[in-house]
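A short worksheet on the structure shown next.
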Amino acid sequence: MTLSFAQRHIGPREKDIKEMLSALKVNSMEELVKQTVPENILLKKDLEMDAPMTENQYLARLKEMVGKNKNFRSLIGQGYYGTGVLPVIIRNIFENPCWYTSYTPYQAEISQGRLEALLIFQTVISSLTGFPLSNCSMLDDAQAAGEAMRMMYNVRSRNAVKAGKNVIFVDRNIFPQVMSVLKTRAAGLGFIIQTGDYKTYQIDPMCFGAIIQYPAADGEIRDYSEFCKNMHDNDALVAAYCDILALALLKEPAAWGADVAVGSTQRLGLPMGFGGPVAGYMATKDEYKRFIPGRIIGVSVDRLGNKAVRLALQTREQHIKREKATSNVCTATALNATMAGMFAVYHGPEGIASIAGNAAKFAHRVAHHLKESGYKLAEENFFDTIEIQGVDGRKLDIAALRKKAEEAGFNFYYTPDGYIRISFDELSCKDEAHKILPIFGIAPGQGCCHHVNLFMQRESPILTEAVFNSYHSETAMMRFIKMLERKDISLAHSMIPLGSCTMKLNAAVEMMPLSWSELTNVHPLAPKDSG
């Protein structure tokens with residue numbers, strides 16, 4: 001290589017530096033820095049840095065480092081699950097600069113491909129949640145829950161506003177990271193969080209809303225319809241944190257009384273990636289469209305009368321007026337949302353339901369053998385997560401079971417109460433189930449529970465639109481993605497106006513490791529010494 005990485009990537013090169021300094025009428029870069037950087041923060045000596053590497057040396061070194069991650073199968077759950085990440089999407093979207101260098105689609109005329117892809121994402125979310133309105137993604141699931149809390153506060157009735165209602169109830173059976181973000185956001189907004197069991201909660205007169213999880217953190221499928229009715233009778237709303245994959249089989253939140261649904265789309269073909277990034281989602285009733293944060297993609301017509309897609313609604317964010325913003329944080333994860341939407345396009349309604357059914361089938365199969373062998377499970381009604389609480393009337397020997405699990409190459413979730421949770425997913429299979437059972441001293445038996453009758457089973461169809469029933473071969477999918485790509489302008493085509501908070505200036509060598517399985521398959525709650 002004749003030039004260093006810094007010179008070859010975005011420059012500036014020596015010739016560019018001389019021209020720039022001449023135009024600015026300064027003699028050196030050092031002089032320019034002294035003129036522009038305040039004296040009180042200007043470093044007086046060079047940073048101590050390691051010797052530079054070539055791109056090949058960097059990739060080899062990084063590969064060596066990440067290779068130390070143990071390739072464990074993480075069935076930890078807690079919002080992150082194994083997925084069958086589709087190579088056709090990885091190669092044609094995630095690793096494609098036409099998709100990852102494009103900016104927020106403010107200019108519809110040069111963003112038709114991205115806007116259509118995000119409209120697909122919205123359609124997936126609306127179909128699975130049952131709500132007519134979805135935005136085109138959130139930063140992540142916990143942030144989406146925080147925004148739902150704020151939204152419910154903002155849409156309070158006139159009487160609730162007059163009464164100064166500022167209490168939010170959060171069911172305790174919720175993922176800890178979601179609870180943590182809710183507490184942080186509530187503190188800044190002046191809300192009071194009350195926690196407890198939704199079944200026994202005595203509604204506070206100052207309560208404006210509630211947040212519940214479906215299925216709950218311990219895996220239980222619950223019927224919240226009576227709870228929602230009671231909240232509504234007391235002039236309060238309900239937000240449901242929902243497992244998006246479970247909604248392919250379970251009754252949608254809009255059907256049992258929720259007012260808003262939030263969660264993560266990581267299960268729709270996005271890698272765990274040690275905790276992110278993922279695409280969160282938010283869906284709600286049409287009457288709340290002016291209060292939902294982020295952007296909503298809509299269908300319109302162009303000046304010639306042809307069908308076109310545009311930003312139909314963009315509620316106030318931090319880039320407009322901070323003091324009047326609906327949200328003061330970035331409210332979208334567009335690249336991941338595009339990938340999740342395309343995962344649904346590729347698999348279609350039958351494929352998505354089959355993936356959800358696979359997770360449920362093996363959860364129930366393993367649960368059956370555990371119960372037959374004297375183990376106590378927390379719940380009778382569950383989707384894909386089982387919580388093991390004891391055996392033959394005794395507490396679990398967590399240390400011994402954890403040792404056996406890790407020797408077999410598994411990471412489970414160990415609760416503070418001394419229980420074990422195992423979450424099954426798209427990748428679960430018969431061989432895996434037969435490796436899990438011996439950990440608990442059970443000899444794998446013959447197949448059972450092939451058909452699972454879930455509590456709160458869904459009755460309405462999903463993903464009925466033509467786009468989800470047309471592109472089920474890799475070739476068809478590749479052509480569909482390329483067709484959308486041709487409707488767009490990115491850094492691969494020309495310079496992009498607006499903004500810099502994108503991946504458009506990242507070098508290819510910096511992007512490549514994002515696809516490595518040594519990084520994408522690591523669960524955020526995996527032990528430090530294993531992936």
Side-chain angles (χ1 to χ4, degrees), residues 78-79 124-135 137-138 140-153 155 168-179 181-182 185 193-199 201 203 207-232 234 236-267 280-288 291-293 356 381-385 454-460 462:
Q78 297 295 104
V124 172
I125 302 306
S126 286
S127 177
L128 291 172
T129 63
F131 286 108
L133 183 68
S134 166
N135 65 14
S137 79
M138 303 292 289
D140 62 20
D141 54 335
Q143 184 251 0
E147 294 293 347
M149 174 176 64
R150 176 174 173 148
M151 191 187 84
M152 289 189 293
Y153 180 79
V155 302
I168 179 86
F169 169 74
V170 182
D171 185 74
R172 64 188 175 203
N173 207 333
I174 196 169
F175 291 147
Q177 70 270 21
V178 178
M179 180 66 84
V181 170
L182 289 173
R185 295 295 301 276
I193 289 184
Q194 294 178 348
T195 61
D197 188 334
Y198 82 101
K199 295 176 184 176
Y201 177 61
I203 301 176
C207 181
F208 67 83
I211 299 178
I212 51 181
Q213 184 164 326
Y214 180 74
D218 66 359
E220 183 186 15
I221 301 172
R222 299 162 158 187
D223 183 354
Y224 290 111
S225 55
E226 188 65 26
F227 175 77
C228 291
K229 181 181 182 302
N230 291 337
M231 291 297 292
H232 294 156
N234 284 272
L237 301 180
V238 178
Y241 176 99
C242 300
D243 183 323
I244 197 68
L245 184 63
L247 297 185
L249 301 181
L250 300 183
K251 184 174 288 189
E252 62 275 30
W256 46 254
D259 301 288
V260 56
V262 296
S264 166
T265 58
Q266 185 269 324
R267 302 199 79 165
Y281 73 85
M282 177 182 281
T284 190
K285 301 174 180 177
D286 185 71
E287 63 197 86
Y288 302 140
F291 297 90
I292 190 171
N381 297 312
F382 55 90
F383 167 58
D384 67 347
T385 297
L454 292 172
F455 178 59
M456 296 284 288
Q457 195 141 349
R458 189 179 184 116
E459 298 173 358
S460 58
I462 63 169

Does the pair Phe383 and Leu249 meet the rule for a side-chain contact (heavy atoms from CB on, under 4.5 Å), with working shown? CA-CA 9 Å; Phe383 167 58; Leu249 301 181; 4.0 Å; yes
So Phe227 and Phe169, would you call those rings parallel, tilted or perpendicular, with 30° and 60° as cut-offs? tilted
Please report the interatomic distance [atom1]([X]) to [atom2]([Y]), rounded to the nearest 0.5 Å.
X	Y	atom1	atom2	result
Leu250	Asp243	CG	CG	8.0 Å
Arg267	Ile244	CZ	CD1	11.0 Å
Asn381	Glu220	CG	CD	7.0 Å
Ile462	Ser126	CD1	OG	13.5 Å
Ile203	Asn234	CD1	CG	4.0 Å
Met231	Ile212	CE	CD1	9.0 Å

Could you tell me which non-hydrogen atom of [X] sits nearest to which non-hydrogen atom of [Y], and how far apart they are?
X	Y	value
Gly209	Ala236	N-CB, 3.9 Å
Pro293	Asn135	O-ND2, 2.8 Å
Phe131	Ala258	CZ-O, 3.3 Å
His232	Leu237	CD2-CA, 4.4 Å
Ala144	Val262	O-CG1, 3.5 Å
Thr129	Ala261	CG2-CB, 4.0 Å

Residue pairs passing the salt bridge (Lys or Arg N to Asp or Glu O under 4.0 Å) test where at least one lies in residues 244-253, sequence neighbours excluded: Glu252-Arg458
Using ring-ring contact (aromatic ring centres under 6.0 Å, His included) as the criterion, point out the one residue from Tyr241, Trp256, Phe455, Phe382 that pairs with Tyr214. Trp256
Between [X] and [Y], is there a donor-acceptor pair closer than 3.5 Å when you use the side chain of the first and the backbone of the second?
X	Y	result
Ser137	Tyr281	no
Gln143	Met138	no
Asp384	Ala356	no
Gln177	Gln78	yes
Asp171	Tyr198	yes
Thr284	Asp259	yes
Asn173	Ala217	yes

Considering residues at least two apart in sequence or located in another chain, which fulfil the side chain to side chain donor-acceptor pair (under 3.5 Å) criterion with Tyr224? Arg222
For Asp197 and Arg172, run side-chain contact (heavy atoms from CB on, under 4.5 Å): C-alpha distance rounded to whole Å, both residues' side-chain angles, the deciding distance at 0.1 Å, then the answer. CA-CA 6 Å; Asp197 188 334; Arg172 64 188 175 203; 3.9 Å; yes
Should Met152 and Ile168 be marked as a side-chain contact (heavy atoms from CB on, under 4.5 Å) after you check the CA-CA gap, both sets of side-chain angles, and the distance that decides it? CA-CA 9 Å; Met152 289 189 293; Ile168 179 86; 3.7 Å; yes
